[in-house]
Amino acid sequence: QLQLVESGGGLVQPGGSLRLSCAASGFSLDRYNIGWFRQAPGKEREGVSCISSSSITLYADSVKGRFTTSRDNAKNTVYLQMYSVKPEDTAVYYCAAGIFGAWLWRLPNYYNRWGQGTQVTVSS
């Protein structure tokens, strides 16, 4: 079965850190661009970051300098390290995989595999 599974979400205080993982099974991530998206209640899904198949990283302005994404192809896993989190980072976070020009990373329709999501709540 081809799937992506996110983990690592939870409750974190403002200013804290959290690391999300996105593990693939049934296929190899190394040929794919991997995007991280988030969706807060009542809001549209937004692109947070992307790591291309060649490990180029791209970030939304709202998280640039606070989030980093990396990949470990040997573990078939991509990570989203979140630092200095803010209440507005609260959302369900999804990882997704696709093969496309990396400049299209913000567009959900270019990804053809999605994880189930993991909740991140930033609150004191």
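Please read all numbers here as calculations on a predicted model, not as lab measurements. Side-chain atoms are counted along with the backbone in the values below, which use heavy atoms only and exclude waters and symmetry mates.
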Would a 4.5 Å heavy-atom cut-off, applied to side chains only, mark [X] and [Y] as touching?
X    : Y   : answer
P108 : F37 : yes
R71  : N73 : yes
S17  : Q81 : yes
N76  : S28 : yes
I51  : I56 : no
I99  : R31 : yes

(request) Report the C-alpha separation of Y59 and R66 in whole Å, then their side-chain angles, then the decisive distance to 0.1 Å, and conclude whether the side-chain hydrogen bond (donor to acceptor under 3.5 Å, both in side chains) test is met. (result) CA-CA 10 Å; Y59 300 95; R66 299 189 300 119; over 6 Å; no
(message) Donor-acceptor pair, distance only, cut-off 3.5 Å: does the side chain of T118 make one with the backbone of E6?
(response)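 Pair absent, no side-chain N/O of T118 close to backbone of E6.
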(message) Can a donor-acceptor pair be found, under 3.5 Å and without considering hydrogens, that links the side chain of N33 to the backbone of S53?
(response)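 Between the backbone of S53 and the side chain of N33 there is a qualifying donor-acceptor contact (under 3.5 Å).
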(request) Take the angle between the ring planes of F67 and Y93 and call it parallel below 30°, perpendicular above 60°, tilted in between. (result)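 It falls in the tilted class, 30° to 60°.
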(request) Might you confirm whether atom CZ of F27 has over 12 heavy atoms from other residues, nucleotides or ligands at distances under 6.0 Å? (result) yes
(request) Share the residues that join V5 in a hydrophobic cluster, the rule being Ile, Leu, Val, Met, Phe, Trp or Tyr side chains under 4.5 Å apart at the heavy-atom level. (result)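 In the cluster with V5 there is nothing else; it is isolated.
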(request) Kindly state each residue pair satisfying salt bridge (Lys or Arg N to Asp or Glu O under 4.0 Å) with at least one member in residues 42-51, sequence neighbours excluded. (result)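 Checked against salt bridge (Lys or Arg N to Asp or Glu O under 4.0 Å) - neighbours excluded - the pairs reaching residues 42-51 are R38-E46.
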(request) Give the intermediate values and the outcome of side-chain hydrogen bond (donor to acceptor under 3.5 Å, both in side chains) for residues S123 and T121. (result) CA-CA 6 Å; S123 175; T121 302; over 6 Å; no
(request) Before giving the answer on side-chain contact (heavy atoms from CB on, under 4.5 Å), spell out for T77 and L29 the whole-Å C-alpha distance, their side-chain angles and the decisive distance to 0.1 Å. (result) CA-CA 7 Å; T77 300; L29 284 179; 5.5 Å; no
(request) Please list, chain by chain and in numerical order, all residues satisfying disulfide bond (SG atoms under 2.5 Å apart) with C22, sequence neighbours excluded. (result) C95
(request) Begin with the C-alpha distance, continue with both residues' side-chain angles, and end with the deciding distance and a verdict on side-chain contact (heavy atoms from CB on, under 4.5 Å) for L20 and V120. (result) CA-CA 9 Å; L20 306 183; V120 172; 4.0 Å; yes
(request) Compute the ring centroids of Y111 and F100, then answer whether they are less than 6.0 Å apart. (result) yes
(message) Check K64 with D61, please: is the shortest side-chain N to carboxylate O separation under 4.0 Å?
(response) yes
